[in-house]
Amino acid sequence: MEEQSAVSALSALAQEARLRIFRALVGAAPEGLTPGALSAMLDIPASTLSFHLKELIHAHLVSVERDGRSLIYRPAIARMNELLGYLTDHCCQGRACDPAAQRRHTTC
């Protein structure tokens, strides 16, 4: 993942309603949710929800598919995993991370 792509994804998630929407979609994966279900679940008005979903789609964190007369929104799990990988690529300078083990070796 490129840095600008990570910034775009993080910017999209750096808003309370969008983070709540994304987490709800992750919880409903892989089936996804309709806007009506999301609106009812999160108590977000339809017009506000539409705005936030467009932002998440623009950041490639959410996809939308038409199913008859309904729209189904799904999280882009692969993109989410790319973002997580980007954020943790250089964790612990390449060593295995185990914060609990590090605390055990600390003396007072």
Side-chain angles (χ1 to χ4, degrees):
M1 175 174 275
E2 297 292 323
E3 185 174 282
Q4 186 55 43
S5 185
V7 168
S8 174
L10 291 169
S11 294
L13 294 172
Q15 200 284 338
E16 183 181 348
R18 286 193 289 271
L19 183 59
R20 290 176 58 220
I21 292 165
F22 186 72
R23 292 187 72 212
L25 290 172
V26 168
E31 290 82 13
L33 293 167
T34 64
L38 275 168
S39 181
M41 177 188 299
L42 302 174
D43 195 29
I44 297 175
S47 60
T48 303
L49 178 66
S50 177
F51 170 77
H52 290 305
L53 285 168
K54 285 179 190 175
E55 291 295 314
L56 291 167
I57 289 169
H58 181 71
H60 306 286
L61 290 168
V62 170
S63 66
V64 62
E65 178 183 328
R66 183 167 291 283
D67 183 19
R69 296 177 67 188
S70 298
L71 294 174
I72 306 295
Y73 289 87
R74 292 184 178 91
I77 299 295
R79 171 86 165 162
M80 179 188 72
N81 287 333
E82 282 180 45
L83 179 60
L84 292 172
Y86 177 82
L87 293 172
T88 59
D89 271 349
H90 302 289
C91 183
C92 300
Q93 300 174 18
R95 295 185 308 264
C97 294
D98 186 0
Q102 290 174 358
R103 282 193 302 269
R104 287 191 298 264
H105 291 102
T106 303
T107 58
C108 296

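Everything numeric in this text was worked out from a predicted model, so none of it was measured.
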Is [X] linked to [Y] within one hydrophobic cluster, defined over Ile, Leu, Val, Met, Phe, Trp and Tyr using a side-chain heavy-atom separation of less than 4.5 Å?
| X | Y | result |
| --- | --- | --- |
| Val64 | Ile72 | no |
| Leu10 | Leu56 | yes |
| Met1 | Ile77 | yes |
| Tyr73 | Leu42 | yes |
| Leu13 | Leu84 | yes |

Separation of Ile44 CD1 from Leu53 CG (nearest 0.5 Å):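 Rounded to the nearest 0.5 Å, the CG-CD1 separation comes to 8.5 Å.
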Any side-chain heavy-atom pair from [X] and [Y] closer than 4.5 angstrom?
| X | Y | value |
| --- | --- | --- |
| Asp67 | Thr34 | no |
| Ile21 | Val62 | no |
| Met41 | Leu33 | yes |
| Arg18 | Phe51 | yes |

Checking Arg79 against His60: is there a side-chain donor and acceptor pair closer than 3.5 Å? no
Minimum heavy-atom distance between Pro75 and Ala29, given as atom pair plus value: CG-CB, 3.8 Å
Got a donor-acceptor contact below 3.5 angstrom from the [X] side chain to the [Y] backbone?
| X | Y | answer |
| --- | --- | --- |
| Ser50 | Ala46 | no |
| Arg74 | Pro30 | yes |
| Glu2 | Gln4 | no |

Could you please spell out the steps behind the side-chain contact (heavy atoms from CB on, under 4.5 Å) verdict for Tyr86 and Glu3? CA-CA 8 Å; Tyr86 177 82; Glu3 185 174 282; 3.5 Å; yes
Full working for side-chain contact (heavy atoms from CB on, under 4.5 Å) between Leu25 and Leu61: CA-CA 10 Å; Leu25 290 172; Leu61 290 168; over 6 Å; no
